[in-house]
Amino acid sequence: MALTPDDVVTKQFQHVRFKEGFDPDEVDDFLDEIVVEWRKTIAENEELKSKLAAYESGEQAPAASAPAAEAPAAEAPAAEAPAAEAPAAEAPAAAGGAAGAQSAGIIELAQRLHDEYVAEGQAQRDQLIADAQSRAATIVAEAEAKGRDEMARLERDRTTLEGRITELRNFERDYRAQLRSYIEGKLRDLETTSTSSGSTPVSAIGL
């Protein structure tokens, strides 16, 4: 399907989740320049087509009037001398041939200019599109690279946090074990002290 300036104007790019590599406004301005140059080329092509059509219509008009000009000559009396009519008949033919050659040259020039403008416009269009696609590909590649770097950083942070959580859990387990051992030791000491003094053991109290 042929690409048109409206396709460039209405083209929508998907936003990435992370920060873009280029300024979106700068990309939009560049695409606007592409559309302006493209439309200018199209307008020049249309103007050349109009000029070519005008030249072709101008060539056909004298050709259509030629039979009307030749009719009086055909109706001239046969009594006139053929020697006197020969120069008059050759002059319009020579003028018509020169006019036809001039018109053909103008049409050929117009066609060549048209082809050159079209080729130049297509080359500029292709170059602008290629530049825009290259810059868009660069933006996407940089965004993807930044996304991968960000994901790698988040993965490292997650691994670090998981390691820290494991350390805290181990610390909590060791602390609970040490605290339990400490409390049990203190309870045994209290029971031993109570037994030696004849008092009621702490375990009998229900602690």
Side-chain angles (χ1 to χ4, degrees), residues 1-65 96-170:
M1 183 175 65
L3 187 65
T4 64
D6 292 334
D7 294 333
V8 178
V9 173
T10 58
K11 176 66 177 175
Q12 297 291 331
F13 295 95
Q14 295 183 355
H15 293 283
V16 296
R17 297 178 58 186
F18 305 99
K19 185 178 179 181
E20 295 84 356
F22 291 95
D23 185 0
D25 294 335
E26 185 177 351
V27 176
D28 291 339
D29 293 339
F30 183 72
L31 293 177
D32 291 340
E33 293 177 4
I34 293 176
V35 172
V36 170
E37 293 297 329
W38 198 349
R39 285 176 173 167
K40 186 186 299 182
T41 302
I42 293 175
E44 292 175 352
N45 291 340
E46 294 297 331
E47 183 179 358
L48 286 173
K49 289 179 181 179
S50 300
K51 290 181 178 179
L52 180 60
Y55 285 133
E56 290 176 349
S57 62
E59 180 187 8
Q60 293 174 0
S65 60
Q102 183 178 7
S103 299
I106 292 175
I107 292 174
E108 182 180 358
L109 176 61
Q111 184 64 40
R112 185 170 67 252
L113 291 175
H114 172 266
D115 294 339
E116 290 177 356
Y117 274 113
V118 169
E120 183 180 358
Q122 290 177 347
Q124 291 180 354
R125 179 201 63 188
D126 294 340
Q127 183 63 38
L128 291 173
I129 292 175
D131 292 341
Q133 290 177 343
S134 177
R135 294 188 65 178
T138 301
I139 292 173
V140 172
E142 290 188 356
E144 290 177 349
K146 287 181 178 294
R148 288 192 296 269
D149 293 340
E150 186 67 16
M151 291 298 295
R153 185 186 67 80
L154 292 175
E155 184 65 22
R156 290 194 300 269
D157 292 343
R158 184 178 69 84
T159 302
T160 302
L161 290 175
E162 288 178 350
R164 183 61 178 166
I165 290 172
T166 301
E167 292 178 357
L168 291 174
R169 286 176 177 173
N170 292 335

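It should be emphasised that the depicted structure is a prediction, and the values quoted were computed from it without experimental measurement.
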N-O pairing of R153 and D149 below 4.0 Å: no

Backbone N/O of R156 and side chain of T160: donor-acceptor pair under 3.5 Å: yes

Residue pair D131, R135: steps toward the salt bridge (Lys or Arg N to Asp or Glu O under 4.0 Å) verdict: CA-CA 6 Å; D131 292 341; R135 294 188 65 178; over 6 Å; no

Exercise: do D115 and Q111 side chains pair donor with acceptor under 3.5 Å: yes

Atom pair CD/CH2 of Q122 and W38 - distance to nearest 0.5 Å: 10.5 Å

Approximate separation, where rounding is to 0.5 Å, of S134 OG and I129 CD1: 13.5 Å

Can you give the donor-acceptor pairs under 3.5 Å from side chains of residues 41-50 to other protein atoms, not counting sequence neighbours?
unit_1	atom_1	unit_2	atom_2	d
T41	OG1	E37	O	3.0
N45	ND2	T41	O	3.3
S50	OG	E46	O	3.0

Close side-chain approach of L113 and E116, heavy atoms under 4.5 Å: yes

Enclosure of R164 CZ (heavy-atom neighbours >12, cutoff 6.0 Å): no

Listed partners of Q133 passing side chain to side chain donor-acceptor pair (under 3.5 Å), at least two apart: none

Spacing of CD1 belonging to I165 relative to CG belonging to N170, to within rounding of 0.5 Å: 12.0 Å

Distance, nearest 0.5 Å, that separates CD of Q124 from CD1 of I34: 12.0 Å

Chi angles and distances behind the salt bridge (Lys or Arg N to Asp or Glu O under 4.0 Å) call for R158, E162: CA-CA 6 Å; R158 184 178 69 84; E162 288 178 350; 2.6 Å; yes

